[in-house]
Amino acid sequence: MIFVHDRGRMANNILQYGHVYAWGREHGRKTMSMRFAYKYPYFHICYTKHHNFATYVFAKFAAKWGLIPMVTFSNDEAQNRRNEDIMLQKRMLVVTGWEAHWYDLFLKYKAEILELFAFRPEIEEKVVEAMNMNHGDCPPVIRSQSSLLTDRTVPMILGVHIRRGDYATFHDGKFFFSDEQYVNVIRRFLTLHPDRQVKVFICGNDPKLDKDYYRRELPLCEVVFPDGNPGEDLCLLSHCDYLIGAPSTFSLVAAMYHDRPLYWMMDADAPLSESSFRYFDDLFQHIL
């Protein structure tokens with residue numbers, strides 16, 4: 001059994017475990033996420049075998065007391081290769097570190113990873129209800145991009161993720177954007193679709209977000225603030241047709257579920273076009 005000691009927050013943990021899970025599948029090894037054994041109970045994986053608090057405690061203290069080895073992946077490629085050898089040799093160990101990456105294997109087993117991190121039914125039901133409440137008779141249908149362009153009878157749904165909090169210092173605040181900057185990017189998106197009704201769902205981690213400012217500055221579209229928990233916000237964003245946000249794994253994971261186009265705001269003043277939007281399979285290999 002490979003116990004995965006996840007770091008960071010929820011979306012980081014999904015990607016971190018996904019990489020090790022894919023490696024384990026390729027080499028016939030079982031894996032278990034220590035973080036999803038006790039935290040973020042929004043996903044199917046949290047209720048699968050071995051994902052429970054008792055297993056988490058066992059792995060944590062077994063590694064702490066040196067009863068099972070721990071390997072840490074870093075920027076040292078030679079050490080990372082030795083770590084893989086240890087993973088193949090040991091029956092039980094803990095894997096940690098930001099650089100535990102196997103991109104090709106992740107894509108190979110992405111469908112299985114998505115099944116593991118499928119949202120719990122009650123999360124999906126609440127999100128569907130919230131989107132129906134704001135969309136009248138238009139439920140959140142998982143549409144392909146081609147059908148989205150041709151089906152003009154339903155509103156286009158834009159999901160915006162506003163990241164504040166730790167982004168005040170992350171990369172020296174480079175991606176800590178103001179309300180005005182977010183509004184301007186949304187306006188640029190609207191100009192790309194002048195003949196479409198657009199509804200904007202805004203999620204984020206700023207409890208003091210000036211919601212009235214967004215409603216006032218975006219009079220041509222309905223602006224909705226779902227105010228859900230992290231699992232509900234992630235689920236809702238995953239159902240949107242397009243996604244915009246500061247570069248973060250939260251919006252990236254949301255885009256992964258239904259292969260939605262995502263625009264990472266690297267520069268809030270940059271021009272916006274359809275080619276500005278990219279997809280998970282490319283973006284997840286370029287996380288900052």
Side-chain angles (χ1 to χ4, degrees), residues 11 110 114 119 124 127-128 130-136 138-163 175 177 179-205 209 211 214-215 217-226 228 230 232-284 286-287:
K110 186 171 76 168
L114 285 171
F119 297 100
E124 286 280 3
V127 166
V128 167
M131 296 187 85
N132 280 338
M133 184 183 304
N134 294 288
H135 282 256
C138 175
V141 178
I142 301 173
R143 296 173 288 175
S144 67
Q145 289 300 297
S146 59
S147 65
L148 175 64
L149 294 175
T150 57
D151 184 2
R152 300 178 179 277
T153 63
V154 294
M156 183 177 289
I157 306 171
L158 172 65
V160 178
H161 182 240
I162 294 179
R163 184 70 179 264
F175 306 116
F177 299 120
D179 291 336
E180 181 180 6
Q181 288 173 309
Y182 277 106
V183 163
N184 286 337
V185 173
I186 295 171
R187 285 173 176 160
R188 291 183 206 124
F189 177 83
L190 297 178
T191 63
L192 296 179
H193 308 279
D195 59 342
R196 294 296 299 270
Q197 180 185 358
V198 178
K199 296 191 176 183
V200 183
F201 287 82
I202 298 178
C203 303
N205 65 342
L209 189 68
K211 300 176 182 178
Y214 286 84
R215 295 188 178 104
E217 296 297 318
L218 298 167
L220 299 181
C221 55
E222 181 180 351
V223 181
V224 182
F225 298 89
E232 292 163 357
D233 282 353
L234 186 67
C235 181
L236 186 144
L237 289 174
S238 77
H239 282 290
C240 294
D241 298 316
Y242 285 85
L243 295 170
I244 290 175
S248 78
T249 54
F250 198 91
S251 57
L252 179 65
V253 171
M256 174 178 67
Y257 277 90
H258 305 301
D259 199 27
R260 288 311 192 219
L262 166 63
Y263 174 59
W264 266 350
M265 294 168 56
M266 308 299 289
D267 178 356
D269 298 320
L272 185 67
S273 67
E274 284 292 334
S275 63
S276 303
F277 289 82
R278 298 162 66 189
Y279 291 84
F280 173 85
D281 290 3
D282 172 38
L283 281 173
F284 93 119
H286 304 285
I287 298 173

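On a predicted model such as this, the values are computed, not experimentally measured, just so you know.
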| request: Only counting residues at least two apart or in another chain, list the ones meeting side chain to side chain contact (heavy atoms under 4.5 Å, CB included) with Ala246. | output: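 Only Arg163, Tyr167, Phe175, Phe177, Tyr182 meet the side chain to side chain contact (heavy atoms under 4.5 Å, CB included) criterion with Ala246.
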
| said: For Ser276, give me all partners under side chain to side chain contact (heavy atoms under 4.5 Å, CB included), at least two apart in sequence or on another chain. | reply: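 Residues passing side chain to side chain contact (heavy atoms under 4.5 Å, CB included) with Ser276: Tyr263, Leu272, Ser273.
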
Once side-chain hydrogen bond (donor to acceptor under 3.5 Å, both in side chains) is applied, do any residues pair with [X], and if so which ones, sequence neighbours excluded?
| X | value |
| --- | --- |
| Gln181 | Ser178 |
| Ser238 | none |
| Arg215 | none |
| Glu124 | His239 |

| Can Ile202 and Leu209 be said to form a side chain to side chain contact (heavy atoms under 4.5 Å, CB included), step by step? | CA-CA 10 Å; Ile202 298 178; Leu209 189 68; 4.2 Å; yes

Heavy-atom pair of closest approach, residues [X] and [Y]:
| X | Y | answer |
| --- | --- | --- |
| Leu237 | Phe250 | CD1-CE2, 3.8 Å |
| Ser251 | Trp264 | OG-NE1, 3.0 Å |
| Asp282 | Arg278 | OD2-NH2, 2.7 Å |
| Leu262 | Ile244 | CD1-N, 4.3 Å |
| Glu274 | Leu192 | N-CD1, 4.2 Å |
| Asp233 | Gly228 | OD1-N, 3.2 Å |

| query | Can you name the residues that form a ring-ring contact (aromatic ring centres under 6.0 Å, His included) with Phe280, not counting sequence neighbours? | reply | Phe106, Phe284

| message | Could you work out, with salt bridge (charged side-chain N to carboxylate O under 4.0 Å, His left out) as the rule, every residue matching Asp267, not counting sequence neighbours? | response |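 Asp267: no salt bridge (charged side-chain N to carboxylate O under 4.0 Å, His left out) contacts found.
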
| field | Under the salt bridge (charged side-chain N to carboxylate O under 4.0 Å, His left out) test, residues paired with Asp269 that sit two or more places apart | value |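 Residues passing salt bridge (charged side-chain N to carboxylate O under 4.0 Å, His left out) with Asp269: none at all.
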
Could you tell me the separation between the [atom1] atom of [X] and the [atom2] atom of [Y], rounded to the nearest 0.5 Å?
| X | Y | atom1 | atom2 | result |
| --- | --- | --- | --- | --- |
| Ile157 | Arg196 | CD1 | CZ | 10.0 Å |
| Asp259 | Asp281 | CG | CG | 6.0 Å |
| Met156 | Asp241 | CE | CG | 6.5 Å |
| Ile186 | Cys221 | CD1 | SG | 7.0 Å |
| Leu236 | Phe119 | CG | CZ | 9.5 Å |
| Gln197 | Leu190 | CD | CG | 11.5 Å |

| Short question: side chain of Arg260, backbone of Ala254 - any donor-acceptor pair under 3.5 Å? |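 No, the answer is negative, given that no donor and acceptor are paired below the 3.5 Å cut-off.
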
| field | Ring geometry between Tyr242 and His193 (parallel below 30°, tilted from 30 to 60°, perpendicular above 60°) | value | tilted

| field | Validation row: Glu232, Pro226 side chains within 4.5 angstrom (heavy atoms) | value |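 No. Closest side-chain heavy atoms not under 4.5 Å.
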
| query | Please walk me through it: do Tyr214 and Ile162 pass side chain to side chain contact (heavy atoms under 4.5 Å, CB included)? | reply | CA-CA 12 Å; Tyr214 286 84; Ile162 294 179; 3.2 Å; yes

| Residue pairs fulfilling salt bridge (charged side-chain N to carboxylate O under 4.0 Å, His left out) with at least one residue in residues 181-192, sequence neighbours excluded |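 Counting only pairs at least two positions apart or across chains, the salt bridge (charged side-chain N to carboxylate O under 4.0 Å, His left out) contacts touching residues 181-192 are Arg187-Glu217.
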
